[in-house]
Asks: 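Encoded as structure tokens, here's the structure I'll be asking about.
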Amino acid sequence: MGWESELATIAPDLLEELGEKREPEKGLPALEGAGSVTMRFAPNPNGPPTLGSARGIIVNSEYARQYHGRFILRFDDTDPKTKPPLLDAYTWYLEDCRWLGAEPDEVILASDRIQIYYDHALELIEKGGGYVCFCSQREFKEYKDRGKPCPHRRDWVAFRVLDTPHPRPEIGDRYRVWPLLDFESAVEDHLLGITHIIRGKDLIDSEHRQQYIYRYFNWEYPLTLHWGRVKIHEFGKMSTSEIGAAIKTGRYTGWDDPRLPTIRSLRRRGIQSQALRKLFTELGVNETDIGLSMENIYGENRKMIDENARRYFFTPEPVRVIIKDAPPTMAKPLLHPPDPRRGHRKIPVKNEVLISREDAKKLKNNELIRLKDLYNIKITKINKTIEAEYEKGEINIIREKNGRIIHWAPPDGIKVEVLTPKGKESGIGEHEIVESIEQVVQFERYGFVRIDSIKNGIITAYLAHK
RNA sequence: GCUCCGAUAGUGUAGCUCGGCCAAUCAUGCAGGGCUCUCAAUCCUGCGACGGGGGUUCAAAUCCCCCUCGGAGCACCA
């Protein structure tokens, strides 16, 4: 304890310096070799972007932005057979990039550039760096099954013949010879002037193969960084093709089903793109595999949406409460308690309200309850329908007796269906919810939801989180 | 099996390059409390980690070795 005070007297400026160095750095770590920076994100569009893609989109684009460089979105859609691209997914990637604040400076479709790969393949063959193998598939498989190398093919494969037409109508069956990722990516990264590549560590081996091409052409390979797998606790392992199949069987309602880790789903639920950006830039680039909980995202998101989210009452699985001798009145709860200037909602009440089944279950006879922003009641009978008596007096009576405050909805309120990662919940909400279509609001004592739409007098909402 | 990586609180992260500012950062989480007509937000307080074992050194989260655990690759997928 002595050295600090001593240092303060003999060299106060030195002490200040100590304090400065302890400041933790925020955001992404500096990029090595960063002069001019061009980065890309190169997905196969066989499904919409997921949380995992978001990491690639956000970190690559964020680095490009930080160094005033360029960010390229490149679709590696060169396998119409095993990983056939989904036509909608091209658009989805663009939409989601935009939503994530990562508008690409350039968009490339590998399937548009097959001729370029042919040209380079020819050149490579002429340089003696490649050759054509004429073994039939059966012969090759034979060698493979016996664990022997094909006499012609001890090397990695750059192109193969596929007779499956490409899903893009403008490509269709124009090509039979398709490049594999190693070749396509190598050539493209060079042509696009990519300076830094950040991608999954599952592609480390691919890098060795790609460098082979770079040596033949005398190109300079970009600097590479790899990250481990991100596993989200709440979502098991789900491959894009598995999800696609499950959607076809009707197990999921679509790619934006709230049970799925797609960006479209999170967006529909009211997760803010800034929450994802913050999360992934703070994760940085690390080869360790990480397990994340959605709580990390929810925590960030809650702070961002709370200051705007209007408050409403919603009672899932409603139970009727008939209040004897209640004078008709108008409840006026605040739209946003932290900021009363935003005004009130208005809910007319006669002598009956709905409360959630969960609250109803906890009621006891003779219990004094506060209906939030309405009045106090005393429970007199607990049945399928609950009976109560109107109690005069203000909230302080409840406070003094340590009573509970519960929310409620008018019996003639609007039907609401909330889609959650765990399933659907139905109930009744107050009418003014219709004024917040497409907005993120808070159902008091329930959670934050995004009001998605209204159809046939029924509101559909997606749960973001508690 | 072979090759290559990695391991800091419940979770994620900073620190490791170049050993002493580390009695280890920040965020989230959890617990308790204040405020509040929400179980939200907000404010305060607290909890919680260097995988194990050796070595080098005056000094090790940091350097070296071994072990354990975890991961990735070993495709005519991306």
Side-chain angles (χ1 to χ4, degrees), chain A residues 1 3-4 7 14-15 17-26 29 42-46 75-79 81-85 110 133 135 137 140-141 144 150 153 156-162 177-182 184-185 199-208 226 228-231 233 239-241 278-280 282-284 286-300 302-303 305-307 309 311-313 331 333-334 336-339 358-359 370-376 394-396 398-399 403-407 442-448 465-466:
Chain A
M1 92 175 253
W3 69 269
E4 273 183 327
L7 193 60
L14 213 56
L15 192 66
E17 217 174 281
L18 287 178
E20 277 168 29
K21 207 169 173 186
R22 292 187 78 144
E23 276 301 305
E25 286 174 31
K26 294 277 180 204
N44 178 339
N46 61 341
F75 291 106
D76 285 350
D77 55 348
T78 56
D79 185 356
K81 195 177 173 187
T82 328
K83 293 201 172 166
C133 169
C135 281
Q137 193 164 20
F140 180 69
K141 207 177 169 195
K144 209 172 134 188
C150 165
R153 269 185 275 179
W156 55 273
V157 176
F159 288 82
R160 82 301 215 191
V161 174
L162 294 176
V177 180
W178 291 91
L180 275 86
L181 170 91
D182 298 321
E184 177 265 335
S185 185
R199 59 182 164 200
K201 64 181 179 181
D202 49 316
L203 259 20
I204 290 177
D205 270 26
S206 168
E207 194 167 317
H208 299 311
H226 304 95
R229 207 188 160 89
V230 180
K231 207 166 61 188
H233 297 316
S239 77
T240 305
S241 42
K278 187 150 186 275
L279 179 84
F280 284 123
E282 277 173 9
L283 274 188
N286 195 315
E287 282 196 32
T288 316
D289 300 301
I290 52 181
L292 270 186
S293 166
M294 286 301 289
E295 286 302 329
N296 293 69
I297 296 176
Y298 296 159
E300 292 297 342
R302 192 176 293 120
K303 281 182 227 163
I305 60 182
D306 182 74
E307 60 179 304
R311 269 60 170 172
Y312 293 112
F313 290 154
L334 286 165
H336 193 258
D339 183 8
E358 212 185 312
D359 282 332
R370 175 68 176 188
L371 293 175
K372 186 168 185 290
D373 299 304
L374 188 59
Y375 44 59
N376 305 339
E394 290 306 311
I395 179 102
N396 32 336
I398 298 287
R399 289 221 177 94
R404 293 190 298 140
I405 302 167
I406 64 175
H407 69 285
Q442 188 200 44
F443 285 167
E444 294 195 46
R445 298 179 64 240
Y446 180 84
F448 291 92
H465 44 73
K466 293 287 170 199

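Computed over heavy atoms, backbone and side chain alike; hydrogens, waters and symmetry mates excluded. In the text below, chain A, chain B and the rest are named by the order of the sequence lines, each starting its count at 1.
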Asks: I'd like to know if A/Glu300 reaches the base of B/rU28 with its side chain, counting only an N/O donor and acceptor under 3.5 Å.
Replies: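 No.
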Asks: Answer yes or no: does a side-chain N or O of A/Thr78 lie under 4.0 Å from OP1 or OP2 of B/rA78?
Replies: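 Yes, such a contact exists.
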Asks: Regarding A/Asp359, tell me which of base, sugar-phosphate or nothing describes its non-hydrogen contacts under 4.0 Å with the strands shown.
Replies: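 A/Asp359: base contact, heavy atoms under 4.0 Å.
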Asks: For A/Leu203 and B/rC5, what is the distance between atoms CG and P respectively, to the nearest whole Å?
Replies: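 Value for this atom pair: 17 Å.
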Asks: What integer number of Å spans the P atoms of B/rG71 and B/rG34?
Replies: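 Rounded to whole Å, the distance is 46 Å.
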Asks: Could you measure between the two C1' atoms, the one in B/rU13 and the one in B/rG6, and give it in whole Å?
Replies: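 Approximately 16 Å lies between the C1' atom of B/rU13 and that of B/rG6.
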Asks: Taking a pair as Watson-Crick or G-U wobble with both distances under 3.5 Å, which nucleotide is matched to B/rG6?
Replies: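 B/rC69 is the nucleotide pairing with B/rG6.
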Asks: Please state whether the phosphate of B/rA40, meaning OP1 or OP2, lies under 4.0 angstrom from any side-chain nitrogen or oxygen of A/Arg445.
Replies: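 No, because none of the side-chain N or O atoms of A/Arg445 sits under 4.0 Å from OP1 or OP2 of B/rA40.
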Asks: Taking the side chain of A/Arg302 as its heavy atoms from C-beta onward, which of B/rG29, B/rU38, B/rA7 lies nearest to it?
Replies: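 Per side-chain heavy atoms of A/Arg302, the pick is B/rG29.
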Asks: Classify the nucleic acid contact of A/Asp373 as base, sugar-phosphate or nothing, counting any heavy atom under 4.0 Å across all strands shown.
Replies: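 The answer is base, as A/Asp373 lies within the cut-off (heavy atoms under 4.0 Å) of a base atom.
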Asks: With a 4.5 Å cut-off on side-chain heavy atoms, are A/Lys81 and A/Trp178 touching?
Replies: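 Not touching, per the 4.5 Å side-chain cut-off.
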Asks: Could you state the atom-to-atom distance from CG of A/Leu292 to C1' of B/rU28 in whole Å?
Replies: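 A/Leu292 atom CG is separated from B/rU28 atom C1' by 11 Å.
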Asks: Picking from B/rA78, B/rA40, B/rC37, which would you name as closest to the side chain of A/Ile405?
Replies: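 So the nucleotide nearest the side chain must be B/rC37.
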Asks: Which whole number of Å gives the distance between the C1' atom of B/rA72 and that of B/rC64?
Replies: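 Looking at atom C1' only, B/rA72 and B/rC64 are 26 Å apart.
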Asks: Mind checking if A/Leu334 touches a base, just sugar-phosphate, or nothing, with heavy atoms under 4.0 Å?
Replies: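 Result for A/Leu334 = nothing.
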Asks: Taking 4.0 Å as the cut-off, does a side-chain nitrogen or oxygen of A/Arg311 come that near to OP1 or OP2 on B/rC37?
Replies: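 Answer is no, no contact under 4.0 Å.
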Asks: Donor-acceptor pair, distance only, cut-off 3.5 Å: does the side chain of A/Asn44 make one with the backbone of A/Pro85?
Replies: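 No; judged by distance alone, with no hydrogens or angles, the pair does not exist.
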Asks: Need to verify one output field. Residue with the more 5' nearest nucleotide on RNA chain B, A/Ala42 or A/Arg399?
Replies: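 Closer to the 5' end of RNA chain B: A/Arg399.
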Asks: Under 4.0 angstrom, heavy atoms only, what part of the nucleic acid is A/Asp76 near: base, sugar-phosphate, or nothing?
Replies: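 Sugar-phosphate only.
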Asks: Report yes if the side chains of A/Leu334 and A/Arg311 come closer than 4.5 Å at any heavy-atom pair, otherwise no.
Replies: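 No; the side chains remain at least 4.5 Å from each other.
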Asks: Find the partner of B/rC76: check Watson-Crick (N1-N3 plus N6-O4 or O6-N4) and G-U wobble (N1-O2, O6-N3) distances, both under 3.5 Å, and reply none if neither fits.
Replies: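 Result: none.
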Asks: For B/rC47 versus B/rG10, give the span between their C1' atoms, rounded off to a whole number of Å.
Replies: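 The answer is 11 Å between these two C1' atoms.
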Asks: Once rounded to the nearest 0.5 Å, what's the spacing between atom NE2 of A/His407 and atom CG of A/Asp359?
Replies: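 Going from NE2 on A/His407 over to CG on A/Asp359, the span is 6.0 Å.
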Asks: Taking atom P in both B/rU28 and B/rC22, compute the distance separating them and give it to the nearest angstrom.
Replies: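 Nearest-Å result for B/rU28 against B/rC22 at atom P: 23 Å.
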Asks: Rounding to an integer number of Å, can you tell me how far A/Ile290 CD1 sits from B/rA72 P?
Replies: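 Taking CD1 of A/Ile290 and P of B/rA72, I get 14 Å after rounding.
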Asks: Just call it for A/Ile204: base, sugar-phosphate, or nothing, with non-hydrogen atoms closer than 4.0 Å on any strand.
Replies: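 If one applies the 4.0 Å heavy-atom cut-off, A/Ile204 turns out to touch nothing in the nucleic acid.
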Asks: Counting only side-chain heavy atoms from C-beta out, which of B/rG6, B/rC37, B/rC77 sits nearest to A/Ile395?
Replies: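 In terms of side-chain proximity for A/Ile395, the closest of B/rG6, B/rC37, B/rC77 is B/rC37.
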Asks: Between A/Lys201 and A/Thr82, just flag the one whose closest nucleotide in RNA chain B comes earlier from the 5' side.
Replies: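 Nearest nucleotide further toward 5': that of A/Lys201.
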Asks: Would you indicate which nucleotide in B/rA40, B/rC77, B/rA14 comes nearest to any side-chain atom of A/Asn286?
Replies: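 That would be B/rA14.
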Asks: What's the NZ-P distance between A/Lys466 and B/rU38, to the nearest Å?
Replies: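 A/Lys466 atom NZ is separated from B/rU38 atom P by 17 Å.
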Asks: CG of A/Asn396 versus P of B/rU36: gap in Å, rounded?
Replies: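 Whole-Å distance recorded here is 12 Å.
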Asks: Atom CG of A/Asn296 to atom P of B/rU28: distance rounded to whole Å?
Replies: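 Taking atom P of B/rU28 as the reference, CG of A/Asn296 is at 10 Å.
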Asks: Among the candidates B/rC77, B/rC76, B/rA27, find the nucleotide nearest to the side-chain atoms of A/Lys303.
Replies: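 Of the options given, the side chain of A/Lys303 lies nearest B/rA27.
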Asks: Of the candidate nucleotides B/rA40, B/rA78, B/rC37, which contains the atom at the shortest distance from the side chain of A/Asn44?
Replies: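 Given the options B/rA40, B/rA78, B/rC37, the side chain of A/Asn44 is closest to B/rA78.
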Asks: Just how far, in rounded Å, is P of B/rA14 from CG of A/Leu283?
Replies: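 One finds 9 Å between P of B/rA14 and CG of A/Leu283, rounded.
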Asks: As a test of reading the structure: which of B/rC5, B/rG6, B/rC77 is closest to the side chain of A/Thr288, going by heavy atoms?
Replies: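 So the side chain of A/Thr288 is nearest to B/rG6.
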Asks: Say whether, by atom type as modelled, one donor and one acceptor occur between the side chain of A/Arg199 and the main chain of A/His226 under 3.5 angstrom.
Replies: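 No; zero donor-acceptor contacts below 3.5 Å.
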Asks: Let's see if you can work this out: which of B/rA40, B/rA78, B/rU13 has an atom nearest to the side-chain heavy atoms of A/Gln442?
Replies: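 The answer is B/rA40, which lies nearest to the side chain.
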Asks: Roughly how far apart, to the nearest Å, are B/rG52 and B/rA60 at atom C1'?
Replies: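 Nearest-Å result for B/rG52 against B/rA60 at atom C1': 16 Å.
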Asks: Would you mind pulling out the nucleotide paired to B/rG48, Watson-Crick or G-U wobble, both distances under 3.5 Å?
Replies: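 Paired with no nucleotide.
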Asks: Taking the same atom, C1', in B/rG15 and in B/rC26, what whole-Å distance lies between them?
Replies: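 To the nearest whole Å, 12 Å.
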Asks: Looking at B/rG71, B/rC37, B/rU13, which one has an atom nearest to any side-chain atom of A/Arg370?
Replies: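 Minimum distance to the A/Arg370 side chain belongs to B/rC37.
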Asks: Touch check for A/Phe448, heavy atoms < 4.0 angstrom, all strands: base, sugar-phosphate only, or nothing?
Replies: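 Result for A/Phe448 = sugar-phosphate.
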Asks: Whom does B/rC26 pair with, Watson-Crick or G-U wobble, provided both distances fall under 3.5 Å?
Replies: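 Pair assignment: B/rC26 / B/rG12.
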Asks: Please report the distance separating the P of B/rC16 from the corresponding atom of B/rA61, rounded so that it comes out in whole Å.
Replies: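 The same atom, P, in both gives a distance of 14 Å.
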Asks: Using atom CG of A/Leu279 as one end and atom P of B/rU11 as the other, report the distance to the nearest whole Å.
Replies: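 The distance from CG of A/Leu279 to P of B/rU11 comes to 16 Å, rounded to the nearest Å.
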Asks: Considering every strand and a 4.0 Å limit on heavy-atom distances, what is the contact class for A/Gly447: base, sugar-phosphate, or nothing?
Replies: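 Touches nothing.
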Asks: Is the shortest distance from a Lys or Arg side-chain nitrogen in A/Arg229 or A/Asp202 to a carboxylate oxygen in the other one below 4.0 Å?
Replies: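 Judged by the 4.0 Å cut-off on N to carboxylate O distance, A/Arg229 and A/Asp202 do not form a salt bridge.
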Asks: So if I take every side-chain heavy atom of A/Lys83 and compare against B/rC77, B/rG71, B/rU38, which nucleotide ends up nearest?
Replies: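 Among B/rC77, B/rG71, B/rU38, the one nearest the side chain of A/Lys83 is B/rC77.
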Asks: Would you kindly check if the NZ (Lys) or CZ (Arg) of A/Lys466 is within the cone defined by 45 degrees around the ring axis of A/Phe448 and under 6.0 Å from the six-membered ring centre?
Replies: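 Because its charged atom misses either the 6.0 Å distance or the 45° angle limit, A/Lys466 does not stack over A/Phe448.
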Asks: Could you tell me if the side chain of A/Leu371 sits less than 4.5 Å from the side chain of A/Ile406, heavy atoms only?
Replies: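 Yes. Closest side-chain heavy atoms under 4.5 Å.
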Asks: For the pair A/Arg445 (side chain) and A/Phe443 (backbone), establish whether a donor and an acceptor sit closer than 3.5 Å, ignoring hydrogens and angles.
Replies: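 Such a contact is absent between A/Arg445 side chain and A/Phe443 backbone.
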Asks: Hunt down the Watson-Crick or G-U wobble partner of B/rA41, both distances under 3.5 Å, from any strand shown, or write none.
Replies: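 B/rA41 is unpaired by these criteria.
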